[in-house]
Amino acid sequence: MQIRTGDTFDPRVIALLDHHVTAARAQTAPGSAHALDLAALRAPDIAFWTGWDGETLVATGALKTLSADHGEVKSMHTLQTTRRRGFGGQMLRHIITQARVRGMARLGLETGSWDYFKPAHALYQAHGFVACGPFEFYVEDPNSLFLTLDLTTG
């Protein structure tokens, strides 16, 4: 997979992100969905990437800067037909590397807490993320799982 800086004006990217936001919101209780829309991904505190298998867009991922030493993984999504091929892991490793390059000491993320999100839980935990409490603007929510990764080790 080739990872590129994401173009939020590319119709292929727009379509995949629209699917990601729509699916996430359909699987999430009202008020508990935190997927970023296109406008949010264009904010200056967001670094956004796309993953390509040849000319096929297969993955997206973003890093939101919360502070100089804390980032948040956002917009992780893999095209349904290409799942279980390692693209999500490649994108996550890229985000982790970019967070370290930017001098961040930790990464956080929020995802859904129920069965639909279990594959995401497994991916994050396989990369060293552990459960934590809410961070930034988040609040305790039984529909959310909060995870963190210490970037100062390993």
Is any side-chain heavy atom of [Y] closer than 4.5 Å to one of [X]?
X	Y	result
M104	H70	no
L16	H77	yes
F48	L17	yes
L147	E110	no
L151	L107	yes

How long is the gap from [atom1] on [X] to [atom2] on [Y], to the nearest 0.5 Å?
X	Y	atom1	atom2	answer
Q90	I95	CD	CD1	12.0 Å
D45	E72	CG	CD	10.0 Å
Q98	R102	CD	CZ	5.0 Å
Y138	C132	OH	SG	10.5 Å
I3	T5	CD1	OG1	10.5 Å
T50	R12	OG1	CZ	8.5 Å

| request: Give the intermediate values and the outcome of side-chain contact (heavy atoms from CB on, under 4.5 Å) for residues L149 and I96. | output: CA-CA 9 Å; L149 177 67; I96 292 168; 3.7 Å; yes
Smallest heavy-atom separation, P134 atom then E140 atom, equals CD-OE2, 3.1 Å
_N/O donor-acceptor pair under 3.5 Å between S75 side chain and G61 backbone_ = no
Exercise for the section: Quick one: do R106 and D150 satisfy side-chain contact (heavy atoms from CB on, under 4.5 Å)? Show the steps, please. Expected result: CA-CA 5 Å; R106 66 186 173 122; D150 180 350; 5.6 Å; no
(request) List the steps, then state whether side-chain contact (heavy atoms from CB on, under 4.5 Å) holds for V73 with F129. (result) CA-CA 11 Å; V73 175; F129 283 82; 4.1 Å; yes
- Taking the inter-plane angle between the rings of H121 and F117 on a 0 to 90° scale, is it parallel (under 30°), tilted (30 to 60°) or perpendicular (over 60°)? parallel
Notebook entry, point to check: Is there a path from I14 to L57 through hydrophobic residues (I, L, V, M, F, W, Y) whose side chains come within less than 4.5 Å of each other?
Noted result: yes
Quick note, side chain to side chain donor-acceptor pair (under 3.5 Å) partners involving residues 122-132, not counting sequence neighbours, are R93-H127
Item to complete: Please confirm whether R42 makes a cation-pi placement over F9, using NZ or CZ under 6.0 Å from the six-membered ring centre and within 45° of the ring normal.
Response: yes
Exercise. Establish, for the pair R4 and W52, whether the NZ or CZ atom is under 6.0 angstrom from the six-membered ring centre and no further than 45 degrees off its axis.
Key: yes
side-chain contact (heavy atoms from CB on, under 4.5 Å) with L41: of T60, V13, I46, only one passes, and it is I46
Here the salt bridge (charged side-chain N to carboxylate O under 4.0 Å, His left out) pairs for residues 56-71, sequence neighbours left out, are none
- Task: Would you sort out whether T148 and F135 count as a side-chain contact (heavy atoms from CB on, under 4.5 Å), showing the intermediate values?
- Result: CA-CA 10 Å; T148 189; F135 56 91; over 6 Å; no
| Do D53 and R85 meet the salt-bridge criterion of a basic N to acidic O distance under 4.0 Å? | yes
